[in-house]
Structures are given as C-alpha cells and as structure tokens.
There are 2 protein chains.
Amino acid sequence: MESQDIKKAGLKVTLPRVKILEILERAENRHVTAEDVYKVLLDGGEEIGLATVYRVLTQFETAGLVTRHRFEGVHSVFELDEGRHHDHILCVRCGRVDEFVDKAVEERQQAIAEQAGYDMTDHCLYIYGICRNCRNGHA
Amino acid sequence: MESQDIKKAGLKVTLPRVKILEILERAENRHVTAEDVYKVLLDGGEEIGLATVYRVLTQFETAGLVTRHRFEGVHSVFELDEGRHHDHILCVRCGRVDEFVDKAVEERQQAIAEQAGYDMTDHCLYIYGICRNCRNGHA
DNA sequence: AATCCAGATGCAAAAGCTTCTCATTTCTAT
DNA sequence: ATAGAAATGAGAAGCTTTTGCATCTGGATT
C-alpha cells in the first residue's frame, strides 16, 4: 500500500494523507481510532489537524483503503483494508481484538438473508469474550 | 411487563418510568431511539425531559428490561428484552429491522471463540441488505 | 391522612466524538 | 513557473448522551 493507492482513489498525494497511511500500515495494533492516529502524528512532530485526520480516514474508507468499525462504545476504529473480509472477536477486559473468518458462518448468513427476503450487502459479527491472557490473570 | 418489573429492578415506580415502559411495549417498531420515545411522550402531552428518557432507558438496560443496540450510525436503539436472544437483519435503504435466530450460527460462534482462546460472553451479528419491499421499488 | 427523605426529575450546561466553514496553502496539470 | 482545483488548519458547530443541581415525588413511617 503506497501513495499510488492514494492517487488511484482520486485523491491528491498530500503529506497528511501519506503520513496517515504510513501510520495505519505500521500500527502495531491494527485497529486505531482517529485520536490514536492524531496522537502519533503529534508525537512525530507533524502539524496535522484532527479534522484532517477524520477527513482523510473517511475518504480512505470511501475509497476502500480502510474499513471503519463501530464496536461497543461510541467512537470509530479504523483498519487498513487488505481486501480479505474478516470478522472480529474482542476481549471485553483488555480490549484486545482478533480477527477470524469462518466459512460456515459466512454461508449461513447468506442463507439467513435470503430466507428473510433480503439481498445481503454486508454483515458484521462481533464476538465478545475474555481472552486467554485475561483469564490467566495477566490483566 | 408492568410496573411490577420496575419495582423488581429496585427502581421507584414513577410516572416517567411507567410511561416509557408503555411506549416500549406499544411501539409498532420494536427498535426505538431515545429521541423516538421522547417524541411520543411529547405528543402524548407528557412533560418529561430528554435527559430522563436517557436515564431511564439506561436504568432499564442495567436492569435487563431493555437491550441497547448500536447499529450503523451513531445513536443507540432500544428494544424490550423479552428474554429470548436474537440477532438482527437491517435494510440499508428503509431502515427496517428484522430479527432472527440461527442455531448453526450460534453454535459456530461458540466454537470460534474457543478456538481463538476466548470465553465468549456475548456476541452480535448484524446482517445488512435490501429488503423485499425496497427491492420492488416500494421505497 | 400527614410527614419525611432518599431517590427521581427537569432544565440547562457540559462532554465527547465528528463534521463543517472558510481563509489559506499545496498539489498537479499546463 | 503558473493557475486553478483540491486539501488543510483552526475553531466553531452539530449531535447524541451525560451531568450538576435545585426542586419534586413515591412510598414507608407515623
């Protein structure tokens, strides 16, 4: 994923957009909030406004470079979209997020939609639980 | 569901709470926002503040009388909790919401959580699509 | 039935996330 | 290099939801 992708999306290749894309690529935690991105920019000495971060993330989402999730709570988290669909499993204690794809579930969803008379356009499945670490007391 | 349930929840049986519970019971659309409830109250000539609606809905949620969902978009929707778990399928065009339960999916979720090392505590599956009505042009 | 007080309410203000406005700056095609 | 369209920064505004606080009320006790 590079500045080429920005251009392909019909967006000018500007410093804020390049920086934000870099941050998304390098994020150790794939799922970041706008605020997270903003903080990294500040720490890196960049003078990029929070409004720009929101604008760019939304544009990236529209362009399909990024996916936006609304897990529990109010604010959005963003992750690079590498083209492979997946669902999420979240730890309610530490906030850890894992990804998974389950063929059986995918297929059932299609069938459920048909049965309900819907043309499925999208779906999201969030499983909440307590991860192994937290269960073992490694808070 | 009656005022008894309010008392059982450890809450005083007040006029706002009774009215709000009634509205939830009678809502033709089972899934309502706080604003929806507030409007019905106003139309009914009740002088109940929006803040109270939020407070009461949150208390009802805590008491298990009501379930809160955060579908796409920012605001919460509430529905009476009649004890039977279900998932949701939503029309992205008209906002219609249907409910379903699928045994296969439920079971797979449990398995997926285990495989990922999680103790599943909860989950939610939202299927988005276009409902029959909208597909037939009945916008 | 009158009294009392913790709990509940209304209102307005505040909070938190996100978007918008607009003057200024920066790409990029020429 | 230049011009024009697009993008940005800063702060104001928007929306949903929560909070602070003075007032009110349900319901337990006289």
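Just so it is clear: chains get the letters A, B, ... in the order the sequence lines come, proteins before strands, and each one is counted from 1.
- No engagement by Glu35(B) is indicated, since no non-hydrogen atom pair under 4.0 Å with the nucleic acid exists.
- Checking the phosphate oxygens (OP1, OP2) of dT18(D), no side-chain nitrogen or oxygen of Arg55(B) falls inside 4.0 Å.
- Contact check for Lys103(A) versus Glu106(A): no side-chain heavy atoms found under the 4.5 Å cut-off.
- Atom pair Leu50(A):CG and dG11(D):P shows a separation of 12 Å (rounding to whole Å applied).
- Between the CG atom of Leu11(A) and the P atom of dA29(C) there is a distance of 14 Å, given to the nearest Å.
- For Ser76(A) and dT18(C), the shortest distance from a side-chain N or O to OP1 or OP2 is below 4.0 Å.
- The distance between atom NZ of Lys19(A) and atom P of dG9(D), rounded to the nearest whole Å, is 13 Å.
- What separates CZ of Arg70(B) from C1' of dC17(C) is a distance of 13 Å, to the nearest Å.
- Across the protein-nucleic acid pair, Ile20(B) atom CD1 and dA8(C) atom P stand 13 Å apart, rounded to whole Å.
- Comparing dA10(D), dA8(C), dG27(D) against the side chain of Lys7(B) picks out dG27(D) as the nearest.
- Side chain to side chain, His31(B) and Glu99(B) meet the donor-acceptor criterion of an N or O pair below 3.5 Å.
- Between Arg17(B) and dG26(D), a side-chain N or O to OP1/OP2 separation shorter than 4.0 Å is absent.
- Atom-to-atom, CD of Glu46(B) to P of dC24(D) comes out at 18 Å; the value is rounded to the nearest Å.
- Across the protein-nucleic acid pair, Tyr38(A) atom OH and dG11(D) atom C1' stand 12 Å apart, rounded to whole Å.
- Checking the phosphate oxygens (OP1, OP2) of dT18(D), no side-chain nitrogen or oxygen of Tyr54(B) falls inside 4.0 Å.
- Side chains of Asp98(A) and Tyr118(B): a donor-acceptor N/O pair is present below 3.5 angstrom, by distance only.
- Atom P of nucleotide dT8(D) and atom CG of Leu15(A) are separated by 9 Å, given to the nearest angstrom.
- Both Thr52(B) and Thr14(A) lie close to DNA chain D; mapped to their nearest nucleotides by heavy-atom distance, the more 5′-ward contact belongs to Thr14(A).
- The side chain of Pro16(A) sits closest to dT8(D) out of dC20(C), dT17(D), dT8(D).
- Considering only heavy atoms from C-beta on, Ile112(A) comes within 4.5 Å of Val105(B) through its side chain.
- Salt bridge Glu79(B)/Arg68(B): absent, no basic N to carboxylate O contact under 4.0 Å.
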